[in-house]
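What follows is one structure encoded as structure tokens, with my remarks underneath.
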Amino acid sequence: QVVFALNQTLLQQESLRAGSFQIPYTTEDLIKHYSCGDLSSIIFNHDTSQVPNFVNATLPAHERITAQEIDSYFRQELIYKRNERMGRRVKDLLEEHPDKSFFFAFGAGHFMGNNTVIDVLRREGYEVEHTPAGQAI
């Protein structure tokens with residue numbers, strides 16, 4: 001699986017370099033939507049936008065199964081579990097120090113797709129609000 005993932009990643013990078021494959025959004029798009037608090041945008045609603053997607057129609061059936069297994073593993077380990085850990089850390093700090101104020105800043109990847117850090121905290125009963133750029137806290 002590791003060799004398959006490396007080969008697919010290299011093929012994707014070669015396709016990007018050759019111009020035959022394009023990412024559907026730019027870094028500027030990501031920054032704009034994040035800064036504007038538009039976490040429901042199409043960019044942020046894709047769980048796999050931050051990790052490689054190995055499944056594609058050109059793969060033979062046996063390789064497609066391997067690709068699906070790897071995609072599922074990455075989604076679970078690199079997205080869902082990471083956000084659960086981050087959300088738990090925030091919750092633990094808030095509960096251990098109820099008399100203190102905190103400011104938490106996360107990269108955009110923690111807000112993409114399902115099971116985000118915000119989702120984890122809301123499930124724990126916290127109210128989470130976006131503070132737009134330039135607005136006083």
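Hydrogens, waters and symmetry mates are skipped; everything else that's a heavy atom, side chains included, is used. Being a predicted model, the structure only gives us computed values, none of them experimental.
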Original post:
With sequence neighbours left out, what residues match E127 under side chain to side chain contact (heavy atoms under 4.5 Å, CB included)?
Top reply: E129

Original post:
Which is it for F106 and I118 under the side-chain contact (heavy atoms from CB on, under 4.5 Å) test, yes or no, and what are the steps along the way?
Top reply: CA-CA 10 Å; F106 298 96; I118 291 173; over 6 Å; no

**OP:** Report the distance from atom CG of N115 to atom CD of Q76, rounding to the nearest 0.5 Å.
**Re:** 8.0 Å

**OP:** Apply side-chain hydrogen bond (donor to acceptor under 3.5 Å, both in side chains) to E77 and list each qualifying residue two or more places apart in sequence or on a separate chain.
**Re:** K81

Original post:
Does the side-chain contact (heavy atoms from CB on, under 4.5 Å) test come out yes or no for I70 and T66, once each step is laid out?
Top reply: CA-CA 6 Å; I70 293 170; T66 300; 3.9 Å; yes

**OP:** For E69, enumerate each residue passing the salt bridge (Lys or Arg N to Asp or Glu O under 4.0 Å) test, keeping only those at least two apart in sequence or located in another chain.
**Re:** none

**OP:** Just jot down the ring pair (Phe, Tyr, Trp, His ring centres under 6.0 Å) partners of F104, sequence neighbours excluded, or say none.
**Re:** F102

Original post:
Roughly how far, to the nearest 0.5 Å, is CD of E124 from CG of D119?
Top reply: 12.0 Å

Original post:
How would you list, by chain and number, every residue that makes a salt bridge (Lys or Arg N to Asp or Glu O under 4.0 Å) with R123, sequence neighbours excluded?
Top reply: E84

Original post:
Would V120 and M86 count as a side-chain contact (heavy atoms from CB on, under 4.5 Å) if you check the C-alpha gap in whole Å, the side-chain angles of each, and the deciding distance to 0.1 Å?
Top reply: CA-CA 9 Å; V120 171; M86 297 297 285; over 6 Å; no

**OP:** Any chance you could measure L121, atom CG, to R88, atom CZ, to the nearest 0.5 Å?
**Re:** 11.5 Å

Original post:
For E95, what residues pass the salt bridge (Lys or Arg N to Asp or Glu O under 4.0 Å) criterion, not counting sequence neighbours?
Top reply: K91

Subject >> Atom pair NZ (K100) and CG (L94), whose distance is rounded to the nearest 0.5 Å >> reply: 12.0 Å

Original post:
What is the distance from atom CD of E14 to atom CG of L11, rounded to the nearest 0.5 Å?
Top reply: 5.5 Å

